[in-house]
Amino acid sequence: MHIVMAGASGLIGTSMSAAFRGAGHSVTTLVRRPPAGPAEIRWDPAAGILDPAALAGADAVVNLSGAGIGDRPWTRKRVEELFSSRLGPTRTLVHAMAQLDAPPATFISQSGSNYYGDAGNTVLREDAPTGSGVMAQICLEWEQAALTAPAGVRVVTPRTGVVFSRSGGALGRLLPLLRLGVGGPFGNGHQFWPWVTLPDVTAAFLFLLDSQISGPVNLVAPEQADVNTIIAALADALHRPALLRVPAPVLRTVMPGLGEELLLSSQRMEPAVLSSAGFQWQHGRLEDAARWVAGKSGSA
């Protein structure tokens, strides 16, 4: 396939574009700076500018655009940026598709597990309603923007969970603390984190490209686990203690909004669509995922 990617420079995008090329697909990335070669095309999603010709002849468009949700305090300006950095690129891509006589057949546009808000212990399949909160509203509007793609375009909105990687990403600040033996759970630790490893995210996108699946997809591992269990598994794989719990009131004070929605909210997600379609996880069990994160597994 010929794939056009937006947001290819981030943690997930870098891994994914390499995997796409490794699988034999050609990849063109959309960049905001001057292109460094023929595989890059410049666009300005904030201004809604993209030459529709950039998408002509593409089999699929993959949209990973969006400012990091956990790397800065949630000031009013930052929250506005979280919205605009997702909605602007998505609407720009959809508008460009609409200008083509033959738009790409597939549009995979990222969403997130925060779509469901804080759902406690409720098991969440793809038909569960949206929750409340800033991130739930962002994910809802993000998906709605993607669904305005032209008729005939297969739209997939992966609701990706907490991505485990060996560096950076959701564990970027936690892993160094755990390696030193000074990390620990957040709050009471009973909240469910819908986790998934970076290799499985990439593999799932490849699977979705070749499938006929459309609509929302819970992109998480099949084994559900709360924060206490996840932290214990990571600490065990690192052969370190994890005794220093961070109380919820402290998180709410030092990370207003952000701490509440990202670290204390609970989404007990089930990957019903991927499971029924026959997707095979490389790290379907938390123990295997923790060993991979700790570098105890040779898998990529």
What side-chain donor-acceptor pairs closer than 3.5 Å can you find for residues 87-97, not counting sequence neighbours?
| unit_1 | atom_1 | unit_2 | atom_2 | d |
| --- | --- | --- | --- | --- |
| T90 | OG1 | N63 | ND2 | 2.9 |
| T90 | OG1 | R86 | O | 2.7 |
| T90 | OG1 | W142 | NE1 | 3.3 |
| T92 | OG1 | P45 | O | 3.4 |
| T92 | OG1 | G88 | O | 2.8 |

Please list every donor-acceptor pair under 3.5 Å in which a side-chain atom of residues 199-209 meets a protein atom from a residue at least two apart or in another chain.
| unit_1 | atom_1 | unit_2 | atom_2 | d |
| --- | --- | --- | --- | --- |
| D200 | OD1 | Q282 | N | 2.7 |
| D200 | OD2 | T197 | OG1 | 3.4 |
| D200 | OD2 | Q282 | N | 3.4 |
| D200 | OD2 | H283 | N | 2.9 |
| T202 | OG1 | S15 | OG | 3.0 |
| T202 | OG1 | L198 | O | 3.4 |

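Pairs of residues two or more places apart, or lying in two chains, never qualify as ring-ring contact (aromatic ring centres under 6.0 Å, His included) while including a residue from residues 114-141. Within the structure, salt bridge (Lys or Arg N to Asp or Glu O under 4.0 Å) contacts touching residues 126-144 (residues at least two apart or in different chains) are E143-R159. Applying the salt bridge (Lys or Arg N to Asp or Glu O under 4.0 Å) rule to pairs touching residues 21-30 yields nothing, sequence neighbours excluded.
Listed by chain and residue number, nothing satisfies the side-chain hydrogen bond (donor to acceptor under 3.5 Å, both in side chains) test with S211 (two or more places apart in sequence, or in another chain).
Here the closest heavy-atom approach between residue T29 and residue A8 is recorded as CG2-CB, 3.5 Å. Heavy atoms only, all atoms of each residue included: Q224 and R268 are closest at OE1-NE, 2.8 Å. When all heavy atoms of L219 and V196 are compared, the closest pair comes out as O-CG1, 3.7 Å. Considering all non-hydrogen atoms of both residues, S109 and P158 come closest at O-CD, 3.3 Å.
Following chains of ILVMFWY side-chain contacts shorter than 4.5 Å, one can reach F164 starting from F186, so the two form part of one hydrophobic cluster.
Looking at I231, D226, I230 one by one, the single match for side-chain contact (heavy atoms from CB on, under 4.5 Å) with N228 turns out to be D226.
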Report the C-alpha distance between E80 and K77 in whole Å, list the side-chain angles of each, state the deciding distance to 0.1 Å, and finish with yes or no for salt bridge (charged side-chain N to carboxylate O under 4.0 Å, His left out).
-> CA-CA 5 Å; E80 290 174 355; K77 181 178 179 181; over 6 Å; no
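For the pair E287 and E223, the minimum side-chain heavy-atom distance is 4.5 Å or more.
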